[in-house]
Each structure stands twice: as C-alpha cells, then as structure tokens.
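Presented below is the structure to which this report refers.
In listed order, ligands and their atoms are each counted from 1.
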Amino acid sequence: MLIAHLSDPHLRPKGVLYQDLVDSNAMFEAALRHLDRLSPRPDVVLMSGDLVDEGSQQEYQLARELLGTLRLPLLMIPGNHDAREVMRRSFSDHTYLPASGPLHFVAAEFGPVRIVGLDITVPGTHHGDMDDAAVAWLEEAIARSPDRPTIIMLHQHPFDSGIPYIDKYKCRRGERLADVVSRYPAVVRVLCGHIHRHMQMKFGGTVLCTAPSTTTAIALRLDPDASPASYVEPPAMLLHHWTESRGMITHFVPIGSFRGPLPFA
Ligand SMILES: [Fe+2]
C-alpha cells in the first residue's frame with residue numbers, strides 16, 4: 001500500500017500570493033503534477049491540514065478546482081488556517097467527513113492500513129488540543145479494530161519540536177494522544193502537518209513524522225528566543241510505503257524536476 005502525504009499548501013484566491021510573497025497556488029499545482037507522475041501510483045493521498053490560508057470560500061473554490069485534476073482518492077483534515085464549517089460545506093462530496101462537529105474520520109477501504117483523521121483544531125485559535133471528546137473518539141475508533149495497522153493523522157504537532165515560535169501553537173495535552181497510541185501497537189505512524197518541516201521522532205512507542213509543506217518551510221531556528229521566519233526551501237511530500245513483511249517505510253520526496261536519471265554507481 002502506497003500512501004502519499006501532502007501538507008500545508010496554504011492556497012489563496014486565484015491570483016493572490018501567500019503572504020503577498022509566494023505563489024502557493026502554483027507550488028501546489030506543481031505538487032499535484034509530481035504526484036501524478038509517481039509510479040506506482042499511490043492508493044490514497046493524505047492532506048494534513050492548512051489546505052487554504054484564510055478559510056475563505058474563494059480559497060476553497062480554488063482548492064476544489066486544483067484538486068479536480070487529482071485522479072486519486074483524497075483524505076483531508078483541517079488545520080488552524082482552515083475554517084471547519086466552510087471546509088465541510090465546500091467538500092460535502094467527501095462523504096468520510098462527518099456532518100457536524102470536528103472533522104474526524106476513519107477510512108479503512110484503501111488497503112491494509114486504516115487511516116484515522118483526528119481533528120484536534122480549536123476553531124478561532126492556532127493551537128490544537130487533545131480534549132476529552134477527542135480522546136474518547138479516538139479510543140473508540142481504534143478499539144473497533146485494535147489489531148489493524150493504523151495511521152493517525154492530525155494537524156498540530158503533539159510535542160515540543162524545539163522551534164520556539166511554532167511550539168506556542170502545538171497540540172496541547174499531546175501526552176494524552178501518546179498514552180492512547182502506546183496502548184495500540186498496531187498504530188504504525190502518527191502523522192502531522194503544521195510545522196512545515198520534516199521531523200521524525202519516537203512518540204507513544206511508535207514513529208511520528210511531520211510533513212513538509214508544499215509551499216514554505218518554517219526556519220530551522222532552535223534558539224529559545226529565535227524570531228519567527230520562513231524560507232522558500234525545496235518543497236516536498238512524504239510517501240508512506242506499507243508491506244506486510246517490512247511494515248511501514250516513509251520516504252521524503254522533493255517536489256520538482258531534477259537532473260537524471262544518471263547511471264547508477
Ligand atoms: Fe501551515
């Protein structure tokens with residue numbers, strides 16, 4: 001099973017630049033073209049939040065237009081820059097999304113790995129929260145098939161990354177998520193967006209990966225009083241490759257056209 005994972009495109013209305021500086025829409029189109037060239041083709045595409053930048057109707061309209069070219073199934077959760085209700089309305093044909101409340105979902109039909117989308121966003125704020133309702137929903141969702149290989153996807157990172165200005169906006173009470181995960185060894189990955197950088201760590205006994213953005217990268221500044229900044233680093237996506245014998249391998253896939261193929265060795 002091949003699972004492509006894109007994050008944080010921060011789409012703007014047609015013709016508008018992200019932060020007046022970066023053409024996030026064109027960068028997302030490039031990501032979709034790259035995705036379309038992958039061989040073998042992924043079974044499903046995950047989007048871990050911040051599909052758009054301001055949560056406006058016009059932004060979601062453009063998102064729909066661009067995603068209309070995607071010939072693969074897509075599973076999305078919202079990020080802090082999305083607007084939960086506008087997103088729900090704009091993607092009412094995404095029937096895995098519930099009709100009310102947080103945009104949690106369970107998708108079990110794309111292969112051996114079950115995908116659990118966990119919406120820990122707190123509308124109107126930038127941080128996330130593993131509140132009582134999210135803990136209860138997740139427990140119930142995983143317990144339905146406790147031994148099934150499972151990915152849990154959420155937007156905000158549930159740990160301190162060491163980059164101070166993004167940690168202000170992490171998923172609070174992340175230890176509650178780690179506690180649930182630690183009780184289900186079949187959870188093969190916890191996946192996040194939000195940080196706009198690729199990171200890997202051990203979390204609740206499993207592997208947690210954060211996805212790069214298809215747009216800008218948050219500056220890698222580990223000084224406790226570092227000031228916030230972003231860079232237009234090479235955009236990238238993740239590709240999670242599951243086989244029964246090896247388990248899950250996560251590949252980092254830069255987006256673009258690169259010189260090659262050159263002779264090997
Ligand atoms: Fe973001």
Report the name of the N/O/S atom of [X] located nearest to the Fe ion (ligand 1).
{"X": "Asp8", "value": "OD2"}
{"X": "His196", "value": "NE2"}
{"X": "Asp50", "value": "OD2"}

Electrostatic pair Arg173-Asp131, nearest N-O below 4.0 angstrom: no
N, O or S of His81 under 2.8 Å from the Fe ion (ligand 1): no
N/O/S from His10 sitting under 2.8 Å away from the Fe ion (ligand 1): yes
Parallel, tilted or perpendicular: ring planes of Tyr60 versus Phe91, cut at 30 and 60 degrees: perpendicular
Sub-6.0 Å ring centroid separation between His10 and Tyr18: yes
Polar side-chain atom of Glu59 near backbone of Glu54 as donor-acceptor pair, under 3.5 Å: yes
Heavy-atom side-chain proximity of Met237 to Pro212 below 4.5 angstrom: no
